[in-house]
2 protein chains.
Amino acid sequence: MIKNKKVSLADIAMALGVSKTLVSMVLNGKGDENGISKKTQERVMELAESMNYKPNQFARGLRMGRSNTIGLIVSDISNPFYSRLARSVEDAVSESGYNLMICSSDESEEKEMKLLEMLINKQVDGIILSSTLDSTEHIEGLQNENFPFVLIDRIYNDFETNTVVVDNKLGAYEAVDFIINNGHKKIAAFVISPAHISTQVDRLEGYKDALKKHSIPLNQYYQKVIPREEIYQTVCQILTEWKTDHMMPTAIFVANNQIAIGSLEAIRDLGLSIPKDISIVSFDDIDLFKLYSPPITSVIQPINSIARNAVEILLDNIKIKDNSDSLIKVHKCLQTNIVVRNSVLKLG
Amino acid sequence: MIKNKKVSLADIAMALGVSKTLVSMVLNGKGDENGISKKTQERVMELAESMNYKPNQFARGLRMGRSNTIGLIVSDISNPFYSRLARSVEDAVSESGYNLMICSSDESEEKEMKLLEMLINKQVDGIILSSTLDSTEHIEGLQNENFPFVLIDRIYNDFETNTVVVDNKLGAYEAVDFIINNGHKKIAAFVISPAHISTQVDRLEGYKDALKKHSIPLNQYYQKVIPREEIYQTVCQILTEWKTDHMMPTAIFVANNQIAIGSLEAIRDLGLSIPKDISIVSFDDIDLFKLYSPPITSVIQPINSIARNAVEILLDNIKIKDNSDSLIKVHKCLQTNIVVRNSVLKLG
DNA sequence: GTAAAAAACTAAACCGTTTTAGAAATTTTT
DNA sequence: AAAAATTTCTAAAACGGTTTAGTTTTTTAC
């Protein structure tokens with residue numbers, strides 16, 4: 001039976017005829033180092049247990065300036081990539097006795113700023129952030145004050161801080177390379193807006209690299225930024241445009257799961273068939289892909305590993321901060337895997 | 001630029017040559033009712049703004065006994081149903097100035113208890129809970145102490161408290177009724193373990209009701225509880241068993257999105273075709289269903305409405321509690337919608 | 001038997017708010 | 001011009017922990 005009643009340190013101290021100080025020390029495992037006798041320690045422990053004492057987190061936080069909570073900001077917790085990431089982060093932090101506060105920034109710069117302020121204000125001990133912003137202004141303050149945080153998924157090339165990412169460029173490169181090796185030459189790429197986000201930039205870069213390596217000329221006409229609010233409509237529009245122009249590519253590389261979903265829908269509704277009429281490879285692996293007809297070849301991100309690494313770095317930073325040592329920024333770049341299914345036609 | 005530095009009430013008071021009390025009152029909008037002059041109020045507001053004052057949440061929480069945070073416990077935030085629900089809850093609470101703490105209980109009773117204790121201990125102002133437990137012991141304590149909480153999605157029939165659910169029985173009834181109206185007689189139902197969860201009980205109930213209404217005899221052989229850890233394997237097993245027994249049903253009603261995913265995979269891997277060999281209708285609508293070949297008929301839950309209702313009830317309870325009025329338990333039962341696609345064969 | 005050392009414990013300050021009870025300054029009343 | 005009423009403001013307590021700077025008690029040394 002879970003109760004909401006409060007037993008305070010003072011209650012225990014009173015009942016035992018000792019001071020709050022002593023009780024506090026014992027319950028924080030500092031009994032020995034403060035020379036509290038074994039017998040007394042035992043008495044305290046027992047009573048605390050039997051009275052079901054739980055320290056008041058506000059009082060503790062107020063005095064110690066920390067909350068045992070960490071914050072996670074992603075663009076949208078209902079996006080399967082982020083919800084799986086959040087789950088892994090939750091598991092990882094709770095193993096270390098921390099709690100997690102998950103927030104969705106909704107790709108809004110304003111909201112992201114507000115959430116950051118809110119988390120700081122709630123005195124979270126650290127933040128894991130997949131940032132929507134184009135500039136680094138908002139995190140420079142944190143950086144300057146040695147506030148522990150890790151950038152995840154989306155990063156800034158010109159800003160030196162803790163980061164955990166996937167090799168987006170290589171992942172995209174391998175995806176497009178795979179398409180080319182199947183004989184394709186007319187290959188389009190869809191990235192999602194806002195196009196400044198590093199994942200999208202890098203994935204587009206990887207696409208270009210692959211084409212270059214195989215000496216296929218780049219074509220602006222095949223590189224599209226899809227507005228995230230109307231993916232389906234935009235893809236429909238682009239496809240019909242290509243069709244009327246007789247410029248239909250034979251394959252599309254799609255830079256995330258959301259564009260993939262919209263694209264699959266659009267392709268189907270326009271009566272095109274995968275891979276006969278058009279081949280497709282997506283970044284992000286979601287349940288849908290393995291069950292789609294045909295199953296969609298995609299680039300898998302090591303979500304759990306991203307989460308674990310980010311949490312490890314963050315907690316290290318939090319610990320180091322306590323010892324007031326200097327913080328060394330660490331970067332982790334994890335590898336993706338391509339899972340080949342049947343969405344790419346073997347040409348010629 | 002977001003900073004971590006702390007400006008306290010005392011800083012502002014000092015700078016202005018007034019008391020902390022005054023500053024606190026003004027910033028909490030209680031300037032007028034405490035007769036603080038307009039001029040002074042303005043001076044305080046301005047300085048607070050320019051010094052970027054943010055009240056310390058620990059101090060505030062310690063004094064006032066509340067956190068402006070509410071807790072949400074679901075079984076797994078990476079389940080698309082719950083991640084969408086969580087997103088809606090997040091939006092709803094933040095509109096009222098609350099923050100949200102999302103936790104996954106992992107269908108573990110022990111973990112759920114721990115999370116509840118943790119949230120209480122963190123002094124969340126209220127909890128929205130989709131409980132995994134079979135008994136109500138863990139929430140009786142909360143109830144007795146008038147701690148605000150709302151049961152969502154999964155409820156207890158014999159326990160009177162705030163609830164927001166969907167009419168699972170009717171939703172399932174309509175789904176199975178639809179199947180029957182297409183001429184099916186041999187209809188199986190899959191529910192997920194643990195089978196005591198109210199959603200699963202009610203959906204199975206709805207299935208039975210539909211069969212009864214159409215005078216189709218019930219058959220235990222067609223009612224299966226699928227262990228959530230190995231959905232795919234179990235469904236494969238069941239299907240092959242039915243096949244060898246020459247008892248293959250013509251349709252399956254599947255009680256949630258997870259079983260649906262596993263079942264679709266199993267059906268495909270066993271070389272069966274939907275709806276020719278077997279028809280299927282699922283509870284929960286996920287992206288996959290509209291894109292699957294054939295698109296899967298399913299029962300849509302009004303996720304946003306569930307979230308909004310739960311939040312509204314919870315916040316009402318929190319307010320009422322402040323006024324120490326008595327709490328009236330409210331129940332909301334929302335309607336589902338069936339979206340007909342092409343996964344059910346028209347027979348005879 | 002007393003001084004020094006060691007062991008066991010504690011009073012009070014502190015963290016930053018909100019709130020209570022009341023004081024000081026100003027205005028109105030007589 | 002003093003008393004009363006009103007307006008404006010404040011000192012101090014409270015919330016429940018942790019930590020600092022001790023104090024008291026017991027043991028050891030000589």
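A note on names: the letters A, B, ... follow the listed sequences, proteins ahead of strands, and every chain is numbered from 1.
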Audit row: B:L142, B:I120, side chain to side chain contact (heavy atoms under 4.5 Å, CB included) steps and yes/no: CA-CA 9 Å; B:L142 301 184; B:I120 300 289; 3.5 Å; yes
Rounded interatomic separation in angstrom, taking [atom1] from [X] and [atom2] from [N]:
X	N	atom1	atom2	answer
A:R60	D:dT19	CZ	P	9 Å
A:Q57	D:dG16	CD	P	13 Å
B:D32	D:dT7	CG	C1'	13 Å
A:L62	D:dA14	CG	C1'	12 Å
B:N34	D:dT7	CG	C1'	12 Å
A:D11	D:dG16	CG	P	9 Å
A:L27	D:dT19	CG	P	13 Å
A:E33	D:dT20	CD	C1'	14 Å

Below 4.0 angstrom, N of the basic side chain to O of the carboxylate: do [X] and [Y] qualify?
X	Y	answer
B:R308	B:E95	yes
A:D11	A:K6	no
B:E110	B:K114	yes

Under 4.0 Å, heavy atoms only, any strand: does [X] hit a base, just the sugar-phosphate, or nothing?
X	answer
B:G17	sugar-phosphate
A:S8	sugar-phosphate
A:K38	nothing
A:S37	sugar-phosphate
A:K39	nothing

5'-most by nearest nucleotide on DNA chain D - B:M64 or B:I36: B:I36
Residue closer to the 5' end of DNA chain D, B:G35 versus B:A59 (nearest nucleotide): B:G35
Side-chain donor-acceptor pair present, A:E112, A:S131, cut-off under 3.5 Å: yes
Range on DNA chain C touched by chain A, heavy atoms, distance below 4.0 Å: C:dA8 to C:dG16
Nearest-0.5 Å distance that lies between atom CG in B:L133 and atom CD in B:E137: 8.5 Å
Interatomic spacing from CG in B:D125 to CG in B:L315 - rounded to 0.5 Å: 9.0 Å
Contact under 4.0 Å: B:T40 side-chain N or O vs D:dC9 OP1/OP2: yes
D:dG17 OP1/OP2 closer than 4.0 Å to side-chain N/O of A:Y53: yes
Which nucleotide in D:dT19, D:dC15, D:dT10 has an atom nearest any side-chain atom of B:S19: D:dT10
Which residue lies more 5' along DNA chain C, comparing A:M25 with A:K20 via nearest heavy atoms: A:M25
Greater than 12 external heavy atoms within 6.0 Å of B:E49's CD: no
